[in-house]
Amino acid sequence: MRVHSRASVANRRVVEPMSKAADIELIDVTKRYGAALAVDHVSLRIPAGTYCCLLGPSGCGKSTTLRMIAGHESISEGDIRLGPTVVTDLPPARRGTAMMFQSYALFPHLDIVDNVAFSLKMKGAEKTARRARAMEMLKLVHMDHLAERRPAQLSGGQQQRVALARALITDPQVLLLDEPLSALDPFLKIKVRQELKRLQLQLGISFIHVTHSQEEAMALSDLVVVMNAGRIEQAATPREVFNRPSTAFVARFMGDHNVIAGRVTSVDDGTVKFEVPGGSSFAAPAEGRALEPGEPVEIAVRTDRVRVADAVLPGCGLTGLVQNIEYHGQKVQVALAAPGVDEFSVQVPEASFFDAPLAIGDAVPLAWTPQDVHLLAASPAA
Amino acid sequence: MTLSRYAPYLQATPLAVILAAFLVLPIATIVMVSFWDYDSIQIFPAFVFTNYEETITSPVTWNTYLNTLKYTVIVWALTLFIGFWVAYYLAFHIRSATTQMVLFLVCTVPFLTSNIIRMISWIPFLGRNGLLNQTLMGLGLIDQPLEFLLFSDFAVVLAMVHLYTLFMVTPIFNTLMRIDRALIEAARDAGANAWQILTNVIIPLAKPGIAIGSIFVVTLVMGDFITVRFMSGGQSASVGLMMANQIALLQYPAAAANAVILLIIVLMLVAGILRVVNIRKEL
């Protein structure tokens, strides 16, 4: 009896389709082009059903990482695992991934149905069956009414949906999107990114989305992976990345943070005191970090938490000269210069700015509280 | 104020004049002369159909046309095969743009010498006591010189392929270079193997280039007479050669009738190619 049941379990494992959503893991993945390192020992785990954004400036290795996951770029060192399978040496079509290309890469000589049905044709599916399945996918992205058109007859947003349908027809466990919104105008961008998120929730599979827009990454992802110079600076939820950027690079790249760098003068009672080259001194909560006097240290201060006021607490304020004023609607962005601080910006709510307007050249006292300050770690790329 | 109405016509005038003078007028003359009459020393204006009747009813004409078509089909197939793979190699296997350009220029270097010189240079190589026969006999591979190498259909086809392959390489290379490399990755992502990528993506997208190359080669081979004369040693005929002979015998009206028929056939072939492939998107 026991033997029998064990056999049937084994049988079921063979017959049952693999669970559709799968974890994806990069293990110490490196990509070299000759002597140049494009991706430098990256390790990352993306749980099943995650919307993950690879975020970073151009040349940071995010596209290369995506292309290695897709199998369009060979992996110099390390492994990539999808579910239980190591896919490092598998061809793209046998990995369970599907890729949506930046320029969509629709076949110009085929109509929309045949574009979507392409992978089924490659598998040798019969014509009416594959076109019927393609029509189902086109319905999913609301493009079935334009099925007979050629790609050149579609708008950018429509082409994007067709590319999405073509990628999804292979029933992938992970969908890889290479800057999918970069070719769209700003309004369409917002609309399409809502559709992407809706589709990801509906399908329950992981989406890995490469972008250089922090706004896009914050709006979409469950997991933001900030990359710089071939390494991961931080991988966390958007809220975590925005509120607690781990390095100065992340703080600057996400925006809305001021970075102040200096050398530690003293650590006591959970507070780090440090000095910037100009002589002013600042304080920040140590957050359990063991720092020695003389060690370099960086902190991030949220631009929207800084107030125009005299410092109440020592080390939580500075006086700056107004360099530039930008009106942003809800708020006014004021850029200031202060000795020993590279750039310092403050976001003042519109109403309070115009209650007490500032002018370029004004010396302004600024203050914040220790809760608005966050100690940064050294960048792994440095 | 009325100038703007005439401006487009004025702008089109230079080209229209050139085409009228160098294309329409000569063809009209040929068509006119094809209805004239002639004897052994002169031609006279007339309106007779005898030139066409004699051309069409003569079995020699039919054989010559069939022979020319045979050359056309063989040369077209060979130049297409060689030209496509040369273009494919240049476009997809050469990574650096500089190397690509250098190799492409190497392809065009033979065109710095005249057709005739390139053709004649085959003769000392292929001849009965030519380099190839002597080498093969020196190596002991053959006892007797190979006779088919020169003054044969083989020699004609070889020379034509040599002369005309570049006309196939250039347009195909052009279309292949315009194929977005992401399309090939997208095909691979969809599970296509190398053969499927070739037949489902690359060849369909190269069709305009293939059509343009085919038009070049077909029109060139259909009208060729000098290659056939030199390389067949006068043993084979082509329509062009037949016309050249008629002109040598001062039978201008007969040659003109032949030219009109050849023109119609070539135009039909070109129309056939254009029916299969839409080259407009390429231009």
Side-chain angles (χ1 to χ4, degrees), chain A residues 33 63 66-67 69-73 90-111 114-125 130 134 137 150-153 159 162-172 174-180 183, chain B residues 80 84 87-88 91-100 171-215 273-283:
Chain A
Y33 293 108
S63 277
L66 189 83
R67 291 169 54 77
I69 299 173
H72 291 302
E73 205 77 67
L90 291 181
R94 288 183 46 212
R95 296 185 168 210
T97 59
M99 179 131 166
M100 203 180 99
F101 291 83
Q102 189 172 5
S103 52
Y104 312 136
L106 296 176
F107 301 117
H109 59 295
L110 299 177
D111 66 16
D114 280 333
N115 258 288
V116 176
F118 190 83
S119 66
L120 300 181
K121 187 183 180 194
M122 296 304 105
K123 277 184 206 142
R130 68 175 191 246
M137 293 314 297
R150 293 283 174 101
Q153 296 167 300
Q159 291 187 21
V162 176
L164 203 53
R166 186 179 66 180
L168 290 173
I169 202 171
T170 58
D171 226 352
V174 178
L175 182 67
L176 309 167
L177 307 109
D178 190 3
E179 309 220 5
Chain B
L80 177 59
F84 181 84
Y88 182 90
F92 290 111
H93 283 267
I94 306 294
R95 291 289 168 89
S96 93
T98 324
T99 323
Q100 225 165 32
I172 297 177
F173 176 67
N174 222 329
T175 44
L176 292 184
M177 287 302 286
R178 291 194 205 181
I179 296 178
D180 183 358
R181 296 304 186 263
L183 292 180
I184 290 160
E185 278 187 354
R188 197 173 300 132
D189 207 66
N193 58 34
W195 174 251
Q196 284 173 320
I197 291 173
L198 184 70
T199 54
N200 284 285
V201 180
I202 294 174
I203 290 178
L205 290 174
K207 268 184 187 167
I210 293 173
I212 292 171
S214 300
I215 291 172
I273 292 169
L274 293 181
R275 251 189 103 84
V276 178
V277 181
N278 175 13
I279 62 165
R280 262 177 305 173
K281 59 185 171 187
E282 179 68 11
L283 300 174

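Just so you know, these numbers use all the heavy atoms, side chains as well, and skip hydrogens, waters and symmetry mates. Naming convention: chains lettered A, B, ... in sequence-line order (proteins, then strands); numbering from 1 in each chain.
If you measure heavy-atom distances from A/Arg95 to chain B, you find no contacts under 4.5 Å at all. The contact between A/Leu106 and chain B is made entirely by backbone atoms, counting heavy-atom distances below 4.5 Å. In this structure, chain B has no heavy atom under 4.5 Å from any part of A/Arg94. The part of A/Phe101 that comes within reach of chain B is its side chain, from C-beta onward, which places non-hydrogen atoms under 4.5 angstrom from that chain. The parts of B/Asn200 that come within reach of chain A are both its backbone and its side chain, each placing non-hydrogen atoms under 4.5 angstrom from that chain.
Between atom CZ of residue A/Phe118 and atom CG of residue B/Leu183 there is a gap of 9.5 Å, rounded to the nearest 0.5 Å. Separation of atoms NE2 (A/His72) and CZ (B/Arg181) is listed at 15.0 Å; rounding is to 0.5 Å. The distance from atom CE of A/Met122 to atom CG of B/Asp189, rounded to the nearest 0.5 Å, is 13.0 Å. Between the CZ atom of A/Phe107 and the CD1 atom of B/Ile179 there is a distance of 11.0 Å, given to the nearest 0.5 Å. Taken from CD in B/Gln196 to OG in A/Ser119, the straight-line distance is 11.0 Å, to the nearest 0.5 Å.
Within the 4.5 Å cutoff, no side-chain heavy atoms of A/His109 are placed close to those of B/Lys207.
A/Ala93 approaches B/Gly191 most closely through the heavy-atom pair CB-CA, 3.2 Å.
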